[in-house]
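Small disclaimer: the values here were computed from a predicted structure and weren't measured. Side-chain atoms are counted along with the backbone in the values below, which use heavy atoms only and exclude waters and symmetry mates. The first residue of the sequence shown is numbered 1, and numbering continues consecutively from there.
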Amino acid sequence: MNLIDSLGRALITLGQVAAVIVPLTVGFQVLRDRPWVRRKLGPYAGSLRRLGLGEGAGVGLAAGVVLGIVYGAGILIQESRSGRMTERETFLLALFLCTCHAVVEDTLLFVVVGGHGGWILGTRVLLALLGTAVLARVLPTATH
């Protein structure tokens with residue numbers, strides 16, 4: 001394989017990665033500031049509470065799970081500074097996202113290069129749910 005072939009394959013891979021990341025990022029950016037998005041997160045409040053999170057964590061969780069830790073962290077910081085999340089919730093959400101960030105993006109990227117999406121996704125989500133739920137029960141409810 002020569003350099004030209006390698007560059008050609010690299011460009012194909014770059015195109016595949018861009019085809020996954022660009023639409024997800026643009027779509028999320030368009031949706032995140034819509035008021036109805038926060039209303040739609042309401043039914044998931046019970047699930048968030050089981051993880052030690054309040055309703056204010058919904059947008060940051062959605063961003064981190066779909067788009068990744070960097071973009072999710074930016075939204076997490078915004079939500080935390082806005083007062084919609086406590087320090088404890090911020091910590092628990094950060095823990096969850098460290099374990100289970102970009103599950104849509106990463107899984108699609110691994111599938112594009114031949115990975116098994118079910119195993120990748122299932123393992124990451126299960127570890128994030130269990131770890132966060134256990135820590136939510138152990139951490140005190142008020143941080144100083």
* Report whether L139 and L127 are members of the same hydrophobic cluster (ILVMFWY, side-chain heavy atoms less than 4.5 Å apart, transitive linking). =>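 No; tracing contacts between hydrophobic side chains, which count when under 4.5 Å, never links both residues.
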* Treat each ILVMFWY residue as a node, draw an edge where side-chain heavy atoms are under 4.5 Å apart, and state whether L121 and V111 are in one component. =>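 L121 does not cluster with V111.
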Measuring from atom [atom1] of [X] to atom [atom2] of [Y], what distance do you get when rounded to the nearest 0.5 angstrom?
{"X": "T123", "Y": "H116", "atom1": "OG1", "atom2": "NE2", "result": "10.5 Å"}
{"X": "L7", "Y": "N2", "atom1": "CG", "atom2": "CG", "result": "9.0 Å"}
{"X": "E89", "Y": "S80", "atom1": "CD", "atom2": "OG", "result": "9.0 Å"}
{"X": "L95", "Y": "T132", "atom1": "CG", "atom2": "OG1", "result": "4.0 Å"}

* Heavy atoms only: give me the nearest R137-R88 pair and the separation to one decimal. => N-NH2, 4.5 Å
* To do: Taking all heavy atoms of Q16 and all of V112, pick out the closest pair and write down the distance.
  =>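 Heavy atoms of Q16 and V112 come nearest at OE1-CG1, 3.4 Å.
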* Asked: Got F91 and T86 here, is their nearest side-chain heavy-atom distance under 4.5 Å?
  ->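 Not in contact.
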* For residues L93 and L61, determine if any side-chain heavy atom of one lies less than 4.5 Å from a side-chain heavy atom of the other. =>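 They are in side-chain contact.
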* Would you say R124's side chain and T107's backbone share a donor-acceptor pair under 3.5 angstrom? -> no
* To do: Return yes if some donor-acceptor pair links the side-chain N/O of R50 with the main-chain N/O of A133 below 3.5 Å, else return no.
  =>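 Not confirmed, R50 side chain does not pair with A133 backbone.
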* Is there a side-chain contact (heavy atoms from CB on, under 4.5 Å) between F96 and L129 once you walk through the steps? -> CA-CA 7 Å; F96 184 90; L129 289 171; 3.8 Å; yes
* With respect to L92, which candidate in L97, L135, L48 satisfies the side-chain contact (heavy atoms from CB on, under 4.5 Å) definition? ->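 Result for side-chain contact (heavy atoms from CB on, under 4.5 Å) with L92: L135.
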